[in-house]
Chemist: 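Once you've had a glance at the structure underneath, I'll fire off some questions.
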Amino acid sequence: MLKSLRIQRFRGFRDLQIGMLKRVNLFAGKNDTGKTAALEALYLLLRGEGVFQPPFAGVFRSVSRDGREAEIIWPWLFHDKDFRRTVTIFGSTESGDSIELRIGRPEDRSAQPELPDELRRRRYRRIQLGSAGGFAFHVIRPDQMAPLRVGVFSTHPADPRQEAIDYNRVVVKAGAEERLEGLMRKVEPSLRKLRSLQTGELPLIYADVGLKEMIPVTQLGQGFERLLDIYSELMAAECTVLLIDEIENGIHHSIMADIWKGLANAALDMGVQIFATTHSWECVVAAHRAFEATPDYDFALHRLERVDDAIRAVTYDREALSAAIKAELEVR
Amino acid sequence: MALEEIRSPKQLLVEGKSGVAFFNALIRHLGLADVQIQDFGGKDDLRGFLNAFSLAPGFAAGVKSLGIVRDAESDARAARQSVLDSLAAARLPCPAQAEVFAGDRPKVGVLILPDACAPGMLETLCIQSVSGDPVWPCVEDYLRCVAEKAGHAPKPLDKARIQAFLASRERPGLLLGHAAQVGYFPWDNPAFERVKTFLRQM
């Protein structure tokens, strides 16, 4: 699990440091303060060899369909579009290890540094992940550290076929189907059961909500589908990190508390670290309340804000967030 | 839901809704339009409030002056020390001298009411300002009579005294903050000088 993160010269971040990461981390902040960029940095840092598959361009943002990806995506990863200065993304883990990503021009030595003796002794390796847009990507990590499986939920609509595959991965586990249905019933109380069915070319998830026949979940609310997607990924337990952009998307504030209870329990049970973004006060309050009910309050709110032309992170621990909520002070 | 946001570089933290209304009236009287007032709740909430407030959007970038006003209650020295401890916990400047601003971005000042030494509260200060009013002896007589007949005095007595005084106005029944807004306290009375000096330093 990541305990700290430092992002240098990446997108709008000159040098962003977050020193207190928790099991579940919620990023808040005004528009254009880098919430999604922080998720992108985590994605690039943690995906390792899988960083270019699926194509990074479409993971969090709309994809250019006119073949100008190299022009539109990659140069803009650099702060102020300054390619002369290498992007560095650094994370330290709970076990005392570290992982570092460098992005830069192939001829630039700082993009592919020699390992210091200390790291060599600790059996770290520099691995070339590949290149994109004319830039080289290298990661420095312990030899035995495997790439993490990173689940991503962007603001794009979910892929129904992938949903069905994920759902099937969940329901083969004993008791998982009932648990998933129980969680989803918080969102849709009339839900009786979920089924993955193939009535056409592709499998789809159908829900029995008391109608004459089961309805494809793509025809239920956006929030239902999104949460089913997130819970399925969590319960399949094949990812170790979840990145969720605008977690409140499509979800009514009145059920945010139940959503966070479900996420908190699942993250703790499955050992998954979650990074999510939000614009919603109700979402922040619901997350705080959900983690207040857990033994360790393994949660932190990080607000990104622009101060003197740089973006910095302000982290709220339990005491600070509790006081802010009580006084109804803005935290986003 | 309307959340409190930082809109001004000068922030004054006061105790409770009554304090907010009172100080709003006073800063309007002084023409200090750029002072924004925040309610930190009760004395036991100040530590948490300062912690959260110092993290709030706009604090680091925008707040240049921070004033904190608290009642002395039974011990002015202990009240001031409690505020200083809360400031230190929030990693904010701790002014060495009472009622003098110190530090930088923000500069911080602490005002204990009714003054830096005596026990009491905002009501005590307001009483000092109206104790020359012709009806004041009636207020004292009334509360003396109450104590005799009931066998005990109301606590805190200064809250009862100010309510009894406000009951004598043309519009009875106003709470202290509202009374300040309709002009029932004489701002030019010497009792308010320390407070006005403090606010003008912000």
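Letters go in sequence order (proteins before strands), and every chain restarts at 1.
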Chemist: Below 4.5 Å from any heavy atom of chain B, which atoms of A:T315 appear? Answer side chain, backbone, both or neither.
Modeler: backbone
Chemist: Test B:L55 against every option in A:D317, A:V314, A:L301, A:L329 by the side chain to side chain contact (heavy atoms under 4.5 Å, CB included) rule and name the one that passes.
Modeler: A:V314
Chemist: Between A:E330 and B:P57, what is the shortest heavy-atom contact and its length?
Modeler: O-CD, 3.0 Å
Chemist: More than 12 non-hydrogen atoms from neighbouring residues, nucleotides or ligands closer than 6.0 Å to NZ on B:K196, yes or no?
Modeler: yes
Chemist: Is it the case that more than 12 heavy atoms not belonging to B:Y142 sit under 6.0 Å from its OH atom?
Modeler: no
Chemist: Where on A:K326 is there a heavy atom nearer than 4.5 Å to chain B: the side chain, the backbone, both, or neither?
Modeler: side chain
Chemist: Considering all heavy atoms of both residues, which atom of A:A323 and which atom of B:G48 are nearest to each other, and what is their separation?
Modeler: CB-O, 3.1 Å
Chemist: Say you draw a straight line from CD of B:E5 to CD of A:E328; how long is it, rounded to the nearest 0.5 Å?
Modeler: 12.5 Å
Chemist: Tell me, side chain or backbone of B:F40 under 4.5 Å from chain A's heavy atoms, or both, or neither?
Modeler: neither
Chemist: Surrounding CG of B:L175 (heavy atoms of other residues, nucleotides or ligands, distance under 6.0 Å), is the total greater than 12?
Modeler: no
Chemist: When you look at CG of A:D308, are more than 12 heavy atoms from neighbouring residues, nucleotides or ligands closer to it than 6.0 Å?
Modeler: no
Chemist: Which atom pair, heavy atoms only, marks the closest approach of A:A320 to B:A52?
Modeler: O-CB, 3.4 Å
Chemist: Take a 6.0 Å sphere around CZ of B:R77 and say whether it holds more than 12 heavy atoms from other residues, nucleotides or ligands.
Modeler: no
Chemist: Check the surroundings of atom CZ in A:R61: do more than 12 heavy atoms from other residues, nucleotides or ligands lie under 6.0 Å from it?
Modeler: yes
